[in-house]
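Note: hydrogens, waters and symmetry copies are ignored here, and every other heavy atom, side chains too, is used.
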Amino acid sequence: MPISLDEFKKGETQNSREEIVYQLLGDGKAYSLTELENKVGIIRPKTKDPIDTIRYISEEWSFRLDLDKMIQDGRIVSKQIDGENGALNTYYIRKEFLK
């Protein structure tokens, strides 16, 4: 059912995942891929249900494409940093903070 312009103006807008990431990285700190995923609502499933797993993998892949686009646009930079137990973690920071 259509709504009026006034009703539309009263509605809330949801930021894109790119905007959420860009705003979050505005504090000048670098965040890991997992931290960013959690902030935009991409949570690893707690069960081994195939549907939940496929949904998670799809969302994670799509989000990585969003981050890659932000890197290509020159908005953010990523680096792999050694973590605990020799694992590599990917971290992201706004490019403006590297100057």
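With sequence neighbours excluded, no residue forms a side-chain contact (heavy atoms from CB on, under 4.5 Å) with Gln72. Qualifying side-chain contact (heavy atoms from CB on, under 4.5 Å) partners for Ile43, counting only residues two or more places apart in sequence or in other chains: Asn38. Lys69 pairs by the salt bridge (charged side-chain N to carboxylate O under 4.0 Å, His left out) definition with Asp73, not counting sequence neighbours. Under the rule for a side-chain hydrogen bond (donor to acceptor under 3.5 Å, both in side chains), the partners of Glu35 that lie at least two apart in sequence or sit in another chain are Ser32. Scanning for salt bridge (charged side-chain N to carboxylate O under 4.0 Å, His left out) contacts around Asp52 gives Arg55, with sequence neighbours left out. Partners of Ile20 under the side-chain contact (heavy atoms from CB on, under 4.5 Å) rule, at least two apart in sequence or in another chain, are Asn15, Val40. The salt bridge (charged side-chain N to carboxylate O under 4.0 Å, His left out) test applied to Glu18 returns Arg75, not counting sequence neighbours. With sequence neighbours left out, the side-chain hydrogen bond (donor to acceptor under 3.5 Å, both in side chains) criterion links Asp27 to Tyr31. For Asp66, the salt bridge (charged side-chain N to carboxylate O under 4.0 Å, His left out) partners are Arg17, not counting sequence neighbours. For the side-chain hydrogen bond (donor to acceptor under 3.5 Å, both in side chains) test, residues two or more places apart in sequence or in another chain that qualify with Glu7 are Ser4.
We find the CD1-OH distance between Ile42 and Tyr56 to be 8.0 Å, quoted to the nearest 0.5 Å. To the nearest 0.5 Å, the span separating CD on Glu37 from CZ on Arg44 amounts to 7.5 Å. Here the CG atom belonging to Leu36 is positioned 11.0 Å from the OG atom belonging to Ser78, to the nearest 0.5 angstrom.
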(Q) If you apply the rule side-chain contact (heavy atoms from CB on, under 4.5 Å), what do you find for Gln80 with Leu88, and how did you get there? (A) CA-CA 6 Å; Gln80 293 200 334; Leu88 283 177; 3.2 Å; yes
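Cluster partners of Leu65, by chain and number: Trp61. The rule joins Ile, Leu, Val, Met, Phe, Trp and Tyr whenever side-chain heavy atoms lie under 4.5 Å apart. In the hydrophobic clustering, where aliphatic and aromatic side chains (Ile, Leu, Val, Met, Phe, Trp, Tyr) are joined below 4.5 Å either directly or transitively, Leu98 groups with Val77, Ile93, Phe97.
Residues Leu33 and Leu25 share a single hydrophobic cluster, defined by chaining ILVMFWY side chains whose heavy atoms lie under 4.5 Å apart.
A distance-only check finds no donor-acceptor pair linking the side chain of Ser62 to the backbone of Ser58 [under 3.5 Å].
Residues Val21 and Phe63 form a side-chain contact, since some pair of their non-hydrogen atoms from C-beta on lies under 4.5 Å apart.
Ile3 CD1: more than 12 foreign heavy atoms inside a 6.0 Å radius.
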